[in-house]
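Every heavy atom of this structure was used, including side-chain atoms; hydrogens, water molecules and symmetry mates were not.
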Amino acid sequence: MKQFVVIGLGRFGSSVAKTLYKLGYDVLGIDSSEEIVQSMADSITHAVQADATDENTMKALGIRNFDVGIVSIGNDIQSSILVTLILKELGLKYVVAKANNELHGKVLYKIGADRVVFPERDMGIRVAHNLVSSNILDYIELSPDFSIVEIEALPEWYNKTLRNLDMRVRYGLNVMAIKRSDDIIVAPGADDTILEKDILVVVGKNKDIEKIEKSI
């Protein structure tokens, strides 16, 4: 199972961390604020108060054992860059870093960030789901219980009709639309066939969406 470390537990970082934890993953959250760490203690696997810009501290926390690092430090661009660098030097295979602007983003890519996100464009919840499953292309939370997601068609769905797939019974999901190249089939019928590279826009309960994410 993938292990995630989230550094910086502000609005964006805490949103990513909580979502990953709800999806059943091990999440270590690090923040310099004791107050924030205490508020997150019951929402993720471990929450630790630490200075993430100190390489020895990060080594002591066993950061090199994590699969994915998410750097979501607030407005301190220098710390954000330094922590991203430390994570890459410690050997993390995949580092996602939050950028405040395009220039900050360019620097983060230059020093080795594998993905840069802009919170104004990428909600924390959406990023978390995308990290867990590359087939989940977009995620819009309608309420605490329901969401709309875009899912890239799985190979076992190819050339099957929606009737054959019976997604409502099998997955608890309703197909609202099928995106195919530049076309969108809105409210597809039971006899519409899923083709390779199709993207399905589905709506369903979050717990059912999580099941399909784990099966992908």
Step by step, work out the side chain to side chain contact (heavy atoms under 4.5 Å, CB included) result for V6 and V27.
CA-CA 7 Å; V6 180; V27 180; 4.1 Å; yes
Does [X] use its side chain to pair, donor to acceptor, with the backbone of [Y] at less than 3.5 Å?
X: D208; Y: L173; value: no
X: K211; Y: K207; value: no
X: S72; Y: G8; value: yes
X: D67; Y: Q3; value: yes

Go through the structure and list residues passing ring-ring contact (aromatic ring centres under 6.0 Å, His included) with Y94, not counting sequence neighbours.
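Residues passing ring-ring contact (aromatic ring centres under 6.0 Å, His included) with Y94: none at all.
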All ring-ring contact (aromatic ring centres under 6.0 Å, His included) counterparts of Y25, not counting sequence neighbours
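Expected list: F4.
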Only counting residues at least two apart or in another chain, list the ones meeting side-chain hydrogen bond (donor to acceptor under 3.5 Å, both in side chains) with [X].
X: Y171; value: W157
X: T84; value: none
X: K18; value: none
X: E34; value: Q38

Applying the 4.5 Å side-chain criterion to the ILVMFWY set and letting contacts propagate, would [X] and [Y] be lumped into a single cluster?
X: L165; Y: V149; value: yes
X: I86; Y: V96; value: no
X: I44; Y: L20; value: yes
X: I73; Y: V117; value: no

Side chain to side chain contact (heavy atoms under 4.5 Å, CB included) between I148 and V201, intermediate numbers included:
CA-CA 7 Å; I148 295 172; V201 182; 3.8 Å; yes
With the side chain counted from C-beta on, respond yes when [X] and [Y] share a heavy-atom pair under 4.5 Å apart, and no when they do not.
X: T193; Y: K160; result: no
X: K205; Y: D145; result: no
X: L195; Y: Y158; result: no

Partners meeting side chain to side chain contact (heavy atoms under 4.5 Å, CB included) with Y109 (sequence neighbours left out):
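So Y109 forms a side chain to side chain contact (heavy atoms under 4.5 Å, CB included) with V116.
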For I81, check side chain to side chain contact (heavy atoms under 4.5 Å, CB included) against everything at least two apart and list the hits.
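So I81 forms a side chain to side chain contact (heavy atoms under 4.5 Å, CB included) with I77, H104, V107, L108, I111.
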Roughly how far apart are [X] [atom1] and [Y] [atom2], rounded to 0.5 Å?
X: S39; Y: L9; atom1: OG; atom2: CG; value: 7.5 Å
X: I70; Y: I30; atom1: CD1; atom2: CD1; value: 11.0 Å
X: K110; Y: K106; atom1: NZ; atom2: NZ; value: 7.5 Å
X: I199; Y: I184; atom1: CD1; atom2: CD1; value: 9.5 Å
X: L85; Y: L82; atom1: CG; atom2: CG; value: 6.5 Å
X: E196; Y: L154; atom1: CD; atom2: CG; value: 12.0 Å

Could you name each residue pair satisfying salt bridge (Lys or Arg N to Asp or Glu O under 4.0 Å) that touches residues 75-101, not counting sequence neighbours?
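Passing the test, one end in residues 75-101: K88-D114.
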By the salt bridge (Lys or Arg N to Asp or Glu O under 4.0 Å) test, which pairs, at least two apart or in different chains, include something from residues 171-195?
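Every salt bridge (Lys or Arg N to Asp or Glu O under 4.0 Å) pair that includes a residue of residues 171-195, provided the two are not neighbours, is E150-K179, R163-D191, R180-D198.
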Within a 6.0 Å radius of atom [atom1] on [X], are there more than 12 heavy atoms belonging to other residues, nucleotides or ligands?
X: N101; atom1: CG; result: yes
X: E156; atom1: CD; result: yes
X: R11; atom1: CZ; result: no

Begin with the C-alpha distance, continue with both residues' side-chain angles, and end with the deciding distance and a verdict on side chain to side chain contact (heavy atoms under 4.5 Å, CB included) for L87 and M58.
CA-CA 8 Å; L87 293 186; M58 298 296 266; 3.8 Å; yes
Evaluate the side chain to side chain donor-acceptor pair (under 3.5 Å) criterion for residues T53 and D51: first the C-alpha distance (whole Å), next the side-chain angles of each, then the deciding distance (0.1 Å), finally the verdict.
CA-CA 5 Å; T53 62; D51 176 7; 2.6 Å; yes
Side chain to side chain contact (heavy atoms under 4.5 Å, CB included) assessment of L162 paired with I194
CA-CA 7 Å; L162 290 176; I194 304 299; 3.8 Å; yes
V48 and side chain to side chain contact (heavy atoms under 4.5 Å, CB included): which single residue from L61, V37, D31 fits?
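When side chain to side chain contact (heavy atoms under 4.5 Å, CB included) is applied between V48 and each of L61, V37, D31, only L61 qualifies.
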For D26, what residues pass the salt bridge (charged side-chain N to carboxylate O under 4.0 Å, His left out) criterion, not counting sequence neighbours?
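In terms of salt bridge (charged side-chain N to carboxylate O under 4.0 Å, His left out), with neighbours along the sequence ignored, D26 is linked to no residue.
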Under the rule for salt bridge (charged side-chain N to carboxylate O under 4.0 Å, His left out), what residues qualify as partners of R64, not counting sequence neighbours?
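Testing R64 for salt bridge (charged side-chain N to carboxylate O under 4.0 Å, His left out), a comparison that skips the adjacent residues, returns none.
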